[in-house]
Every structure is written in structure tokens, then in C-alpha cells.
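What follows is a set of notes on a single structure, which appears directly below.
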Amino acid sequence: MSLLDDVAERDGWRCWVCDEPVDPDESVNDPRGPSVDSRTADRKAKVAERLAHRGCNSRKGAVKVAVAWPQRLYVVEPAPLIAVADRLERKGGREMVGRCPTRKDAQEAADWLVDRFSRLLPGVPVTAGIEAGGGQFLVILATGATGRR
């Protein structure tokens with residue numbers, strides 16, 4: 001149980017898949033109970049263990065994991081965030097993740113992305129930038145100091 005507790009404390013008792021709280025008192029056999037998981041199904045990948053709900057962990061084996069964008073955000077053509085996370089972690093750099101009709105919408109999306117990626121990729125500094133163009137606002141994620149606000 002110490003590995004579970006260590007991973008859970010590091011991850012703030014939040015599921016890396018759904019980003020919802022994990023109840024430390026719930027049974028590990030319950031779908032909402034805690035479990036230790038890695039972000040990938042590739043056993044050869046060097047990925048640190050992460051906290052997940054038992055149900056999220058089990059579903060991950062049957063279907064491809066997807067991090068949902070909140071419905072409250074107005075983002076056109078939102079990028080699949082697991083794929084973005086994998087590329088940013090592996091290669092670094094910048095990646096456009098969505099388009100928004102207003103700067104306010106883009107800022108809300110950028111703020112949410114920075115917060116979500118702080119848990120999705122702990123230890124990888126991810127910033128979000130907003131670039132105006134063509135009557136819309138592009139939301140761009142970047143690793144390190146390459147992002148612009």
C-alpha cells in the first residue's frame with residue numbers, strides 16, 4: 001500500500017485520466033477507488049506510475065484514453081490532449097491545440113490547459129500562449145520557455 005500512498009500523495013489524490021478527486025478511503029476494488037497506473041499501455045516505455053480510479057484504469061485497457069475538454073470552454077477543433085502530452089513530453093517545442101472565437105475564450109482555455117497539464121505531465125514545464133490570426137485566437141502549448149502569453 002505504500003506505493004499507492006506515495007503515488008497518490010504526489011498526484012494530490014487526483015485521477016490522471018479524468019482529473020477528478022480519488023477518495024483515499026474508498027476500497028481499491030471499487031470503480032471509484034484508488035489504483036496505480038502508468039500513462040501508457042506500452043510496457044517498454046519509461047513512464048512513471050500515476051494515480052487513477054480503479055474504473056478509469058480498467059477502461060484504459062479496453063479503450064484508448066482521452067482527456068476530455070470541459071464543455072464550458074468554447075474551443076473549435078480541440079486537439080486530442082493525450083497525443084499532445086506524448087509529443088510535448090517526448091519532443092518538447094510548441095503545438096497548436098485549438099481555436100477560439102474571442103481572446104477571453106482563448107484565455108480561459110489556456111488557463112485550464114496549464115492547470116490540467118501540470119497534473120498530466122508533472123515535471124514538464126508547460127505554458128500556454130494565445131496568438132491572434134484570421135479573426136480567431138489560436139491556443140498554443142509549449143514546453144520550457146518557448147511559450148508566449
What heavy-atom pair brings [X] and [Y] nearest, and what distance separates the two atoms?
X: Arg50; Y: Pro122; result: NH1-CD, 3.4 Å
X: Leu121; Y: Ala85; result: CD1-O, 3.7 Å
X: Leu141; Y: Ala128; result: CD2-CB, 3.8 Å

Given side chains that start at C-beta, do those of [X] and [Y] come closer than 4.5 Å, heavy atoms only?
X: Leu120; Y: Ile82; answer: yes
X: Ser35; Y: Val28; answer: no
X: Trp13; Y: Pro21; answer: no
X: Arg87; Y: Arg90; answer: yes
X: Asp37; Y: Glu49; answer: no
X: Val36; Y: Leu51; answer: no

So if I apply the side chain to side chain donor-acceptor pair (under 3.5 Å) rule between Gln136 and each of Glu131, Arg99, Arg103, which one comes out positive?
Arg99

Co-membership, hydrophobic cluster, residues Val97 and Val124, 4.5 Å side-chain:
yes

So if you build clusters from Ile, Leu, Val, Met, Phe, Trp, Tyr with side-chain heavy-atom gaps below 4.5 Å, do Val22 and Leu3 land together?
yes

side-chain contact (heavy atoms from CB on, under 4.5 Å) filter on Arg119, not counting sequence neighbours, yields Arg14, Asp19, Asp115, Arg116

Nearest 0.5 Å please: distance from the [atom1] atom of [X] over to the [atom2] atom of [Y].
X: Leu138; Y: Cys100; atom1: CG; atom2: SG; answer: 9.0 Å
X: Ile140; Y: Arg94; atom1: CD1; atom2: CZ; answer: 4.0 Å
X: Arg32; Y: Cys56; atom1: CZ; atom2: SG; answer: 6.5 Å
X: Glu89; Y: Phe117; atom1: CD; atom2: CZ; answer: 10.5 Å

Polar side chain donor-acceptor pair, Trp16 to Asp11, under 3.5 angstrom
no

If a pair satisfies ring pair (Phe, Tyr, Trp, His ring centres under 6.0 Å) and one of its residues is in residues 88-116, list it, with sequence neighbours excluded.
Trp69-Trp112

Mind running side chain to side chain contact (heavy atoms under 4.5 Å, CB included) on Val139 and Met96 for me, showing each step along the way?
CA-CA 6 Å; Val139 180; Met96 199 274 291; over 6 Å; no

Using modelled atom types only, decide if a donor and an acceptor are shared between the side chain of His53 and the backbone of Asp30 within a distance under 3.5 Å.
no

Look only at the side chain of Thr143 and the backbone of Val126, and say whether a donor-acceptor pair between them is shorter than 3.5 Å.
no

My understanding is that only one of Leu81, Thr127, Val75, Leu73 makes a side-chain contact (heavy atoms from CB on, under 4.5 Å) with Leu113; could you say which?
Leu81

